[in-house]
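Reading through the structure tokens given below for one structure.
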Amino acid sequence: MDTRVVKKKLGLKERYAAMTRGLHWDTTYQPMDKVFPYDKYEGIKIHDWDKWEDPFRLTMDAYWKYQAEKEKKLYAVIEAFAQSHGELGVTDARYINALKLFIQGVTPLEYYAHRGFAHAGRQFTGAGARVASQMQAVDELRHFQTETHAISHYNKYYNGMHNANHWFDNVWYLSVPKSFFEDAYSGGPFEFLTAVSFSFEYVLTNLLFVPFMSGAAHNGDLSTVTFGFSAQSDESRHMTLGIECIKFMLEQDPGNVPIVQRWMDKWFWRGYRLLTLVAMMQDYMLPKRVMSWKEAWEMYAESNGGALFADLARYGIRKPKGWEDACEGKDHISHQAWATFYQYGHAAAFHTWIPSKDELDWLSSKYPDTFQRHYRARLEHWGEQAEGKEGRWYNQILPMLCQVCQVPTLFTEPGDATEIALRETTYHGMKYHFCSDHCKEIFEHEPKKYVQAWIPVHQIYQGSCYPDEINPASPGDSPVREVIRYYGINGGEDNGEFSSSEDRQHFRQWSGRMKPQGHGE
Ligand code: FE
Ligand code: ZN
């Protein structure tokens with residue numbers, strides 16, 4: 001007979017301490033600074049890592065158990081949804097284009113976040129920060145997987161989803177999210193946490209998740225909504241890590257304040273520029289709308305973010321530099337972005353269209369100061385053109401991209417919506433172009449980093465984006481078509497006009513529904 005082992009039961013707090021910080025030791029064969037070389041080189045000074053408050057308070061075993069429960073529920077819903085052909089029960093096939101944008105542009109970011117946290121987490125001398133980063137790294141890998149599963153079954157029925165990872169690495173509008181994360185994880189560990197945990201997760205995440213997830217709910221996409229719920233509790237842990245990291249840096253040394261402020265200025269602006277895609281999706285791509293981008297911005301940025309920065313003022317932190325310009329942009333950016341995607345509808349991997357009369361009226365009512373004055377007539381004109389003998393308008397001239405945010409320079413001057421904003425600077429005899437003062441300033445602080453940016457339009461003009469058998473010097477009568485072929489996008493199937501698309505035809509045929517369900521709130 002075995003002797004019974006009496007286990008001493010640890011309390012929750014003790015157990016947590018033993019399983020996290022208790023696993024840390026100071027190295028002796030090598031100096032600690034050599035083992036953790038990156039957590040000092042950004043200039044952040046930490047005097048006492050014990051002051052770090054663990055934001056997660058979860059041990060690894062509890063974490064696995066908890067996450068497994070959530071997975072079980074999620075996969076049961078996805079399965080049921082797919083078996084009852086929920087893909088054909090959404091409001092309208094236009095909605096699927098929001099999902100395409102999500103799986104092309106957001107899901108790969110989850111994987112980048114996974115890599116970033118795994119890498120940054122390794123670099124902290126403090127065990128608390130290391131454990132939190134490690135756990136988030138696992139969360140992010142899970143998000144990549146669950147999003148892929150929640151959305152990929154749509155691929156059976158619709159175009160534009162079969163090659164998302166390849167597109168992420170090549171296609172112009174996807175270099176916007178891609179470059180955001182590559183910029184973040186090629187910074188040091190503290191900058192990475194400021195960029196991703198604070199600016200992205202804490203300040204801006206509601207503006208990403210609410211539109212997509214309540215958009216999914218409103219448009220009958222139970223699969224994606226359930227993913228959203230499943231990620232929500234992870235998300236709240238991530239936000240806690242974001243604010244903890246900021247407060248910790250600010251409290252440890254007054255010398256950290258200007259460094260953190262500069263990062264906030266930079267990453268708020270980069271995050272805001274990235275959200276242009278979400279703004280457009282929210283105002284134009286949801287057949288049944290949730291709220292306007294402007295309303296979301298007022299709720300989640302202006303009031304929540306305003307309160308946050310008021311709270312951080314006691315550390316000597318002010319609102320990010322681009323704040324006022326971003327607030328002015330709430331009236332414009334979704335319209336400017338959709339107009340751009342409409343014109344380049346043959347060069348993206350989703351469909352675009354002119355909103356219906358009701359939808360134009362909705363936009364006029366949500367944007368009384370700007371849509372009616374600046375944007376409506378252009379859409380109506382394009383709509384008439386598409387009906388008439390001129391046919392649908394596609395722009396064959398490639399746009400200039402901003403060297404930092406990589407968005408086409410489509411934004412207008414603060415205070416003047418009739419003037420495109422352009423900035424430039426010269427570095428080592430070369431000219432670089434920007435969408436705004438803020439992107440220019442980001443460049444000028446670290447020019448050596450941004451001159452290396454892989455700018456999709458430059459790459460096309462340099463001949464790097466043509467199929468092997470095409471001579472880049474004379475790519476034929478439709479160079480853009482050859483580039484699309486190189487991207488692996490099926491021109492005319494995955495992109496172009498929605499009303500003549502296979503997606504629309506199939507949806508009508510298979511669902512038996514000829515008309516989209518109502519829009520508005
Ligand atoms: Fe995530
Ligand atoms: Zn820019």
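Because the structure is predicted, anything quoted here is derived from the model rather than measured. Counting starts at 1 for both ligands and their atoms, following the listed order.
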> Are any of the side-chain nitrogens in Glu302 or Lys330 under 4.0 Å away from the carboxylate oxygens of its partner?
Replying inline: yes
> For the salt bridge (charged side-chain N to carboxylate O under 4.0 Å, His left out) test, which of Glu441, Glu413, Glu444 pairs with Arg423?
Replying inline: Glu413
> When rounded to the nearest 0.5 angstrom, what distance separates CZ in Arg289 from CD in Glu295?
Replying inline: 12.0 Å
> Would you call Lys366-Asp283 a salt bridge at under 4.0 Å N-O?
Replying inline: no
> What is the SG(Cys405)-the Zn ion (ligand 2)-SG(Cys439) angle, to the nearest 10 degrees?
Replying inline: 110°
> Of all the N, O or S atoms in His143, which one sits nearest to the Fe ion (ligand 1)?
Replying inline: ND1
> So, is His438 placed with an N/O/S atom under 2.8 Å from the Zn ion (ligand 2), counting both backbone and side chain?
Replying inline: no
> Angle subtended at the Fe ion (ligand 1) by OE1 of Glu140 and OE1 of Glu110, to 10 degrees?
Replying inline: 80°
